[in-house]
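Heads up: the structure comes next, in structure tokens.
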Amino acid sequence: MIRVEQLTKSFVLHNQGGVEIPVFADIDLEVTAGECLVLAGPSGVGKSTLLRSLHANYLPNQGRVFVRHREEWVDLAVAEPRTVLDARRHTVGHVSQFLRAIPRVPAIDLVAEPMLDIGIGQDEAIDRAAAVLARLNLPEALWRLPPATFSGGEQQRVNIAITFARDYPILLLDEPTASLDAGNRAVVIEMIREATANGAAVVGIFHDRDVREAVGTREFDLREARPAA
Amino acid sequence: MNATGYNFAYLDEQTKRMIRRAILKAVAIPGYQVPFGGREMPLPYGWGTGGIQVTASIIGADDVLKVIDQGADDTTNAVNIRRFFAKTAGVTTTEHTTDATIIQTRHRIPEVLLSAHQTIVYQVPTPEPLRWIEPREAETRKMHALTEYGIMHVGLYEDIARFGRVTTSYNYPVRVNARYVMSPSPIPKFDNPKMDQMDALQLFGAGREKRVYAIPPHTSVESLDFEDHPFQIETWEERCALCDADDSFLDEVITDDAGTRMHVCSDSDYCRDRQEAGHVGDGGPE
Amino acid sequence: MSDFDDAPLLRVSGLTHRYGNTIACRDVSFELYPGEVLGIVGESGSGKTTLLDCLSGRLRPSTGEVAYDVRGRGLLDIHRQLSEPERRMLMRTDWGIVLQDPREGLRMRVSAGANVGERLMAIGARHYGEIRAQAVDWMERVELDLARIDDPPSTFSGGMRQRLQIARNLVTGPRLVFMDEPTSGLDVSVQARLLDLLRRLTRELNLASIVVTHDLGVVRLLSHRLIVMRDGEVVEHGLTDRVLDDPRHPYTQLLVSSILPV
């Protein structure tokens, strides 16, 4: 479902004398349906950067990021923005570390929105949103409220719900469980395992060893991809 | 009794020719406002300077002139303009609509049907029907050129939204020859239907804004409206207290300081004709 | 963008505009597809307003083409292949424009309902009841209090005026809406509500729009794609979150790093 070839990424900070910060180089990897690839390595090694490159949120310097979209291999590194958006809408789900949402929109509507985007009716979208929020133990009293004032853990559960209310063939998870308690971590573990069991290809960064061990089918250590200094 | 020291009908011949050219163009493009080089007249703007210049340009020694203001021949404005032409052109004047060849008017169209040998000249204070919503002249010209007239219905919409019906009763906008939207001057909308397919030539003169426009004989003049709120003219419960007419535009007159009212024809000539023919109203002054 | 192989709605190529010897915008090219929201950001003087004026038909560019998919006729250069009446008709039917100052985009002296109904009347609607019903419907869709339908916008708050401007533009079912700083000058909470409304309407109506703003927060929430302008030139163009999170051009990096943290 994902095939990465020769992927290299560095940042050039033009406003700080043009200093170039290399992150990783020449990464090759493949993720097939039903797999959960865990990105490993110490903090700062570029796990998030790689994940964001897979989401086309970061643009690699070179290399290819193929995803299986609409029964074709699409290289997100060079695809037109509307192709990338279409891939994100239909194929690639992404859970970021922090919820970034429009202010003043109720949590349940945020969760329903990606379903409305692909033509699911309003009522069904709200039902499914409610189901996944309930499963993540978000108190029902919060559903109609915008998440800006929620606690970190509550916001993160809304964030997870936004992606897991849909069935994306590819899931990119950036520390989805970091601010959750043990009980909710278990729920998320269960949801990820269900996704892989249903054939999703998952790439994730997981802070907690128990989560890594529970969901991961394989590990990719970014220390192996450090560019030559 | 031509006054000496003035050219016939006050204006010099050059000016009259210039205005006639403007009138010809106006007749050729019904409802279109033609600019002309307006002259200073010996009376202030608002007293009919536009109408007077049009009349002066078309009047001949054989013409018979009638001047009305709000339907009446005997108001100050009407009397002054009639005298002006009697003096400067030596023409015959009349109060009888049917005897006149030129009728200059402010705010009314006579009740009797005008005929092909007559010309009616309207005094116009504000010729631009789009001005209320669009202050820019360049833009109103463009709107006319491109027949962008939707905005006129906005005014009618506002009336219906606020009062349940179109309350605009004077200067009710019309579309001439299915092309130009035109201000009919501040006549009551009661008179609008008379403009449609009229046998007489209709000329409009605006002195302050220096525009003339025209409706040639037998031209369609349609009052703007909505399908579900069709154009309607005023009606009265009352009849004329003097001549018993039930088909004319009535003015309400307060006859004493106790608030006693009666309704009488606004067209004084029409009312007198009917009285002379033996019609008697029921509320005439004792 | 649900239909993937659809044709572009707008194709801009080599658009340049000069005021005398000054180049206000230079060689701008892009395509816009149905349902896409394109943000144009830059500081004052970057040429983004000139660009918007050229795109929206109000200013004829010195060179280059603004081709729009005119209903039933296909891509035509709006400046050179459409007559002025055709262009003006397009602007009040298939296009909308939401201006920063609602006093310019609304008729302040006529009622809210008439502001919404005007475009319908402009294209020949002559049934009061139907016009009124549409005005009511659109007042509701932009969440304006129906009790205010007969009040003029001069009595409205800034946020209400912007929502009325949107309703007034959308009543004819346009496919492309231009927005010039639609949320600036509004209180933050009012901004948020307006942005949510715009997102909802663009999705529901598969509306394409071009949003010019200096506010990066607005484009992040509203636009799919982003053009960054500086000194009349496009310095960066791409997916909105990519441009904002991984800016490549020095100027974009400066812009992004200049946002005050909340």
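Lettering follows sequence order; numbering is per chain, from 1. Keep in mind it's a predicted model, so treat the numbers as computed, not measured. Keep in mind that the numbers below use all heavy atoms, side chains included, and drop hydrogens, waters and symmetry copies.
Contact of A:E113 with chain C is made through backbone and side chain together, with heavy-atom distances under 4.5 Å. In this structure, chain A has no heavy atom under 4.5 Å from any part of C:H237. If you measure heavy-atom distances from C:L221 to chain A, the contacts under 4.5 Å come from the side chain alone.
The side-chain hydrogen bond (donor to acceptor under 3.5 Å, both in side chains) check on C:S13 picks up nothing, with sequence neighbours excluded. Scanning for side-chain hydrogen bond (donor to acceptor under 3.5 Å, both in side chains) contacts around C:E140 gives an empty result, with sequence neighbours left out.
Proximity of A:V84 to C:H224: side-chain heavy atoms (C-beta onward) are nowhere separated by under 4.5 Å. Side-chain contact between C:D241 and A:R88 is present, with at least one heavy-atom pair separated by less than 4.5 Å. At least one side-chain heavy atom of A:R100 sits under 4.5 Å from a side-chain heavy atom of C:R220.
Taking a 6.0 Å sphere around CD of A:E20, one finds it holds more than 12 heavy atoms contributed by other residues, nucleotides or ligands. The neighbour count for A:R64 CZ, taken as heavy atoms of other residues, nucleotides or ligands under 6.0 Å away, does not exceed 12. Within 6.0 Å of the CZ atom in C:R175, the count of heavy atoms belonging to other residues, nucleotides or ligands exceeds 12.
Taking non-hydrogen atoms and a 4.5 Å limit, the residue list of residues 176-203 of chain C in contact with chain A, ordered by number, reads C:S189, C:A192, C:R193, C:D196, C:R199, C:R203.
In plain terms, the two heavy atoms of A:A56 and C:R242 that are nearest each other are O-CG, 3.4 Å.
Looking only at distances, no side-chain donor or acceptor of A:H14 sits under 3.5 Å from a matching main-chain atom of C:L254.
In this structure, the separation between OG on C:S258 and CG on A:N15 is 8.0 Å, given to the nearest 0.5 Å.
The only option from C:L244, C:D245, C:L239 that meets the side-chain contact (heavy atoms from CB on, under 4.5 Å) definition with A:N57 turns out to be C:D245.
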Side-chain polar contacts of residues 39-51 of chain A - donor-acceptor pairs under 3.5 angstrom, sequence neighbours left out - could you list them?
residue : atom : partner : partner atom : Å
A:K47   : NZ   : A:G41   : O            : 2.9
A:K47   : NZ   : A:P42   : O            : 3.3
A:S48   : OG   : A:D174  : OD1          : 3.3
A:S48   : OG   : A:D174  : OD2          : 2.7

Determine, stepwise, if the pair C:E36 / A:R82 fulfils side chain to side chain contact (heavy atoms under 4.5 Å, CB included).
-> CA-CA 8 Å; C:E36 247 189 330; A:R82 63 197 216 100; 3.8 Å; yes
